[in-house]
Novice: 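The structure under discussion is supplied below as structure tokens; questions concerning it will follow.
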Amino acid sequence: MLPSACRIVCVTVAALLGCIYAHGDISILPHGPGAPALESAHFPNRLHEFVWRNWNVVPPEKIAAVVGASADDITAMAVSMGLPEVAQIPPAMRERGYVSIIRRNWHLLPYAQLLELLDMTAEHLDVMLREEDFLWVKLGRTKPAVEPLHYTAPDEAAKKRVAEIRGVVEAQFGNALAVEGEPRFDFVRRLSTDVPDFERPESTDFQRIVHSYVAVFGDPLLDPKLDPYPDGFLQRLSEGGINGVWLHAVLRDLAPGGATFPEFGEGHDVRLKNLRAMVDRAEKFGVKIYLYINEPRGMPADFFEKHPELAGVTSGELTALCTSVPEVRQWMSDSLAHIFTEVPGLGGIYAISASENLTNCASHGGWKACPRCKDRSDDEILAEVVSVLEEGVHRGNPDANVLISDWGWKGHGDSLSVIEKLPEDIWLMSVSEWHLPIERGGIKSTVGEYSISSVGPGPRAVPHWKLAQSMGLKTGTEIQFNNTCEIATVPYLPVMDLVAEHCNNLLTEANLDAMFIGWTMGGHPSPNIELAQRLSRSPAPSIDTVLNEIATERYGVEGAPLARQAWTQMSDAFREYPFHISVVYTCPVQWGSANPLYLTSTGYSATMWGIPYDNIDGWRGPYPRDIFAAQFEKVVDGWRPGIALLEQAVKTAPEGMKTQVATDLRYAKAAANHFQAVANQSRFVTARDALAAADATMSDEEKAKLRGEMKTAVESEIVLAKELYTLVKEDSRIGFEPSCQYFYLPMDLVEKVVNCQWILSQL
């Protein structure tokens, strides 16, 4: 018999070889710089961390198979840390929570074992990382370097530490972990149930378009059970005044590639059949379906081994299909014509020609590097792409709407020169608040992303709309009324005054034809969305009239004045949000108190809307550290009186209204919790870094003060984590966003308390 160490190596190698055979060639997957993976010091080792992070996520048998253990071994490890003996696995986690599974195991498993955990092929994961709403970017464009993980029985040191962990869990949570809460993704079931006594609203030419809150990225048109628009959900949207919805589309999947691209189009007939059925169902509720078009999609280098004559500029791992080549334009036009001929009931397209995805050679501003495009202007290239899209759609269906976003044109700057070249049969869409000047905490900035805290319209959109309207184009705004990246992990924010003010400005000043209400987040039925419909009535009602109507219908006659006061209080508080594009994309506001604290610097940079780590200088944008933290504290200080008012309104609400108003209150509490957590973590990291940089000139009193600041932040984080644990157990929507799925799960908040208690022991 081989020595035990050799047996472990042989078993691990055999397992990895088997995984490569079963799940494909992992060499095709992106790796990036591959910095060393992080291990959480509050666990005795990576194996215990892996078990904890995946308990209640994947079955114990799967956890065991990945590391070469038995299910009994894994269960024993879980129980030793205070976790429930029986794991409660949400049935939808594998289908709807795979991004969450990837993110929580990103530092724990090498690719081979990650694929085994996911039951996924390398080819599938490769496409997902590249195509699924910038997942590779959200993960930091690097796969942390980590050795294969295998099971070994806990040694005495590990047993001692897990006993301490169990003690913390039992002392802080009692038997709460054994009490079942609402299963993750249960909101899908509830939002999908039919609405009693639904009446289809009267049709209107004004378009209000949202994305599905229950959508699954991937390929729902090939797999109908992942239906992004079930009937009950469409009914709820329709009742709230929504008459358009959108879903992602990739041309190479929806139409044959013809002679130019014979490799395109596999399964397109099935997808179009399912799309027709979805369009027909939506029409019953007065809702049109729009395709989000971001074309032509950049392709990996090996694609151009067969098509070298079509290659444009290269950005990262992808190369553009050059739209200066007639064959590329013809393929785009023919594909859209085919789709809109085969599915004539489609509402139209919503297209971004210069998004984060590499598409045409001018999409990222580097067209001068293309031998065909270098002598052309970006105006000409972008307008030509729009013309191709418009021609193809209208060749298939002359009545379909072609909504074109000016997002990214001229680096988000003045794009009048592009608009002048656009075809007349399109709708020009522009983000309302873009370039709006703001000042928060004495720091001047401009808005460069969706923002509810900043009320538009701003100085970029208005002249764009005016020029487009003078040319006979229809116009619309891209705006969000439920939530934004300011905080997207609650479905909607009770800041009705801000939403009403912005919506009213647009309706009375801009003479628009459409509102694109929400990117991937923001599609949950809500009173915020109802505002857009009610304010657009003719004759136009006042803001107070509409807000009073909604408050009374939602809270009753007695509770309505309290709700109105609460909305105003929280709206005013939210105006202090330290807005900047860097802040909303990288700070831990989506994670709240679930984001771990680190006693020493991780060295990792915060990723775009993915993993914030401890990278405060990546979080804060133009705000100094102290002002950044102080602004979030200012938001919380103004927000909490609004919560107190909502609590009174809930108490006075009629019995039949209490469930919905309790939900409003829950989201208000969760938002405040997240804002306070950003402030806490900023204070902690600032003090930690100052202590680490201390030299002989720093007195013991100064060091003690810094440790005290760290301790105060940690103790507050414990309170927040326990509060948020209760909220998320009650409502499966908290912590969720459709493209990122769950940023955190209930057990992550229990872990945060363990993390904080360990840090306190070290301090």
Novice: Any donor-acceptor pair under 3.5 Å linking the side-chain atoms of Ser430 with those of Glu478?
Specialist: no
Novice: Would you say Trp465 and Leu512 make side-chain contact, with heavy atoms under 4.5 Å?
Specialist: yes
Novice: Ring-plane angle category for Trp407 and Trp434, please: parallel below 30°, perpendicular beyond 60°, tilted otherwise.
Specialist: perpendicular
Novice: Say whether Lys634 and Gln631, considering side chains only, have a donor N or O and an acceptor N or O under 3.5 Å apart.
Specialist: yes
Novice: Do Met515 and Phe481 have side-chain heavy atoms sitting under 4.5 Å apart?
Specialist: yes
Novice: Yes or no on side chain to side chain contact (heavy atoms under 4.5 Å, CB included) for Phe43 and Ile165, after CA distance, side-chain angles and deciding distance?
Specialist: CA-CA 8 Å; Phe43 287 109; Ile165 292 173; 4.1 Å; yes
Novice: Which heavy atom of Thr600 sits nearest to which heavy atom of Asp614, and what is that distance?
Specialist: O-OD2, 3.8 Å
Novice: Without swapping roles, check the side chain of His107 against the backbone of Leu38 for a donor-acceptor pair under 3.5 Å.
Specialist: yes
Novice: Go through it in stages, so that I can follow the logic: the residues are Asn505 and Glu501, the test is side chain to side chain donor-acceptor pair (under 3.5 Å), and I'd like the CA-CA distance, side-chain angles, deciding distance and then a yes or no.
Specialist: CA-CA 6 Å; Asn505 289 350; Glu501 181 184 345; 4.6 Å; no
Novice: When you compare the side chains of His464 and Asp406, does any donor N or O come within less than 3.5 Å of an acceptor on the partner?
Specialist: yes
Novice: Does some side-chain heavy atom of Asp133 sit less than 4.5 Å from a side-chain heavy atom of Lys138?
Specialist: yes
Novice: Any side-chain to backbone donor/acceptor pair from His364 onto Gly366? Under 3.5 Å, distance only.
Specialist: no
Novice: In terms of ring plane angle, is the pair Phe632 and Phe675 parallel, tilted or perpendicular, where the classes change at 30° and 60°?
Specialist: tilted
Novice: For His412 and Arg460, which I'm curious about, is there any donor-acceptor pair between the side chains at under 3.5 Å?
Specialist: no
Novice: Quick one: do His31 and Thr142 satisfy side chain to side chain donor-acceptor pair (under 3.5 Å)? Show the steps, please.
Specialist: CA-CA 5 Å; His31 287 77; Thr142 184; over 6 Å; no
Novice: Is there a donor-acceptor contact under 3.5 Å linking the side chains of Asp544 and Ser542?
Specialist: no
Novice: Please report the shortest heavy-atom distance between Gly621 and Val583, naming the atom on each side.
Specialist: N-CG2, 4.1 Å
Novice: Before you tell me yes or no, could you show the steps for Arg683 and Ser716 under side chain to side chain donor-acceptor pair (under 3.5 Å), namely the whole-Å CA-CA distance, both residues' side-chain angles and the distance that decides it to 0.1 Å?
Specialist: CA-CA 11 Å; Arg683 298 291 189 196; Ser716 178; over 6 Å; no
Novice: Taking the inter-plane angle between the rings of Tyr492 and Tyr667 on a 0 to 90° scale, is it parallel (under 30°), tilted (30 to 60°) or perpendicular (over 60°)?
Specialist: perpendicular
Novice: With a 3.5 Å distance limit and no angle check, can you tell me whether Arg46 reaches the backbone of Leu108 through a side-chain donor-acceptor pair?
Specialist: yes
Novice: Parallel, tilted or perpendicular for Tyr577 and Phe574, by the 30°/60° rule?
Specialist: perpendicular
Novice: With no hydrogens and no angle check, just 3.5 Å: does a side-chain donor-acceptor pair link Arg564 and Asn548?
Specialist: yes
Novice: Do any N or O atoms from the side chain of Gln480 and from the backbone of Asn483 form a donor-acceptor pair under 3.5 angstrom?
Specialist: yes
Novice: Are more than 12 heavy atoms from other residues, nucleotides or ligands located less than 6.0 Å from atom NZ of Lys703?
Specialist: yes
Novice: If the plane angle is over 60° it's perpendicular, under 30° parallel, otherwise tilted; pick one for His211 and Trp246.
Specialist: tilted
Novice: Looking only at heavy atoms, what is the nearest atom pair of Leu724 and Ala670, with distance?
Specialist: CD1-CB, 4.3 Å
Novice: Kindly write out the residues that satisfy side-chain hydrogen bond (donor to acceptor under 3.5 Å, both in side chains) with Thr446, not counting sequence neighbours, or none if the list is empty.
Specialist: none
Novice: Would Ser605 and Tyr613 count as a side chain to side chain contact (heavy atoms under 4.5 Å, CB included) here? Give the steps.
Specialist: CA-CA 7 Å; Ser605 296; Tyr613 299 110; over 6 Å; no
Novice: Between Thr712 and Glu709, is there a side-chain donor-acceptor contact under 3.5 Å, judged purely by atom types and distance?
Specialist: no
Novice: How long is the span from the OG atom in Ser353 to the CG atom in Asn357, to the nearest 0.5 Å?
Specialist: 12.0 Å
Novice: Parallel, tilted or perpendicular: which describes the rings of Trp567 and Tyr555, with under 30° parallel and over 60° perpendicular?
Specialist: perpendicular
Novice: If every non-hydrogen atom of His524 is compared with every non-hydrogen atom of Asn482, which pair is closest and at what distance?
Specialist: O-ND2, 2.7 Å
Novice: Are Phe736 and Phe743, when compared by the centres of their aromatic rings, separated by less than 6.0 Å?
Specialist: no
Novice: With a 4.5 Å limit on heavy-atom distance, are the side chains of Leu139 and Thr607 in contact?
Specialist: no
Novice: For the backbone of Arg666 and the side chain of Asp664, can you confirm whether one donor and one acceptor N or O come within less than 3.5 Å of each other?
Specialist: no
Novice: Is a side-chain donor or acceptor of Asn105 paired with a backbone partner of Ile101 at a separation under 3.5 angstrom?
Specialist: yes
Novice: Say you draw a straight line from CG of Leu531 to CD1 of Ile550; how long is it, rounded to the nearest 0.5 Å?
Specialist: 4.0 Å
Novice: Which pairs count as ring pair (Phe, Tyr, Trp, His ring centres under 6.0 Å) when at least one residue sits in residues 680-707, sequence neighbours excluded?
Specialist: none
Novice: Ring-plane angle category for Tyr623 and Phe628, please: parallel below 30°, perpendicular beyond 60°, tilted otherwise.
Specialist: tilted
Novice: Report the residues that fulfil side-chain hydrogen bond (donor to acceptor under 3.5 Å, both in side chains) with Arg625, sequence neighbours left out, ordered by chain and then residue number.
Specialist: Asp617, Asp689
Novice: Between the side chain of Lys752 and the main-chain N/O of Ser593, is any donor-acceptor distance below 3.5 Å?
Specialist: yes
Novice: Taking the six-membered ring for Trp, are Tyr450 and Trp519 ring centroids under 6.0 Å apart?
Specialist: no
Novice: Is there a side-chain contact between Glu509 and Pro457 (heavy atoms, below 4.5 Å)?
Specialist: yes
Novice: Just checking, any donor-acceptor pair under 3.5 angstrom between side chains of Glu737 and Gln590?
Specialist: no
Novice: Kindly indicate whether a cation-pi arrangement holds for Arg208 with Phe516, taking the cut-offs as under 6.0 Å to the six-membered ring centre and within 45° of the axis.
Specialist: no
Novice: Check residues 756-763 and write down every donor-acceptor pair under 3.5 Å in which the side-chain atom is one partner and the other belongs to a residue at least two apart or another chain.
Specialist:
| residue | atom | partner | partner atom | Å |
| --- | --- | --- | --- | --- |
| Ser761 | OG | Trp758 | O | 2.5 |

Novice: Report yes if some heavy atom in the side chain of Leu745 is under 4.5 Å from a heavy atom in the side chain of Ser100; otherwise report no.
Specialist: no
Novice: Where is the tightest heavy-atom contact between Leu493 and Asn528, given as atom of each residue plus distance?
Specialist: O-ND2, 2.9 Å
Novice: Could you tell me whether Lys729 atom NZ has more than 12 heavy atoms of other residues or ligands within 6.0 Å of it?
Specialist: yes
Novice: According to side-chain hydrogen bond (donor to acceptor under 3.5 Å, both in side chains), who are the partners of Glu449, at least two apart in sequence or on a separate chain?
Specialist: Tyr585
Novice: Within the distance-only criterion (no hydrogens, no angle test), does the side chain of Asn673 pair as donor or acceptor with the backbone N or O of Glu723 below 3.5 angstrom?
Specialist: no
Novice: Would a 4.5 Å heavy-atom cut-off, applied to side chains only, mark Thr586 and Asn615 as touching?
Specialist: no
Novice: With no hydrogens and no angle check, do the side chains of Thr568 and Asp497 hold a donor and an acceptor under 3.5 Å apart?
Specialist: yes
Novice: Test your reading of the model: is there a side-chain donor-acceptor pair from Glu49 to the backbone of Ala41, 3.5 Å cut-off?
Specialist: no
Novice: Flag the pair Val661 / Arg554 as yes when at least one side-chain heavy-atom distance between them is below 4.5 Å, and no otherwise.
Specialist: yes
Novice: By the ring pair (Phe, Tyr, Trp, His ring centres under 6.0 Å) test, which pairs, at least two apart or in different chains, include something from residues 708-731?
Specialist: Phe173-Tyr725
Novice: Can a side-chain donor-acceptor contact be found between Ser445 and Glu439 if the only test is distance below 3.5 angstrom?
Specialist: no
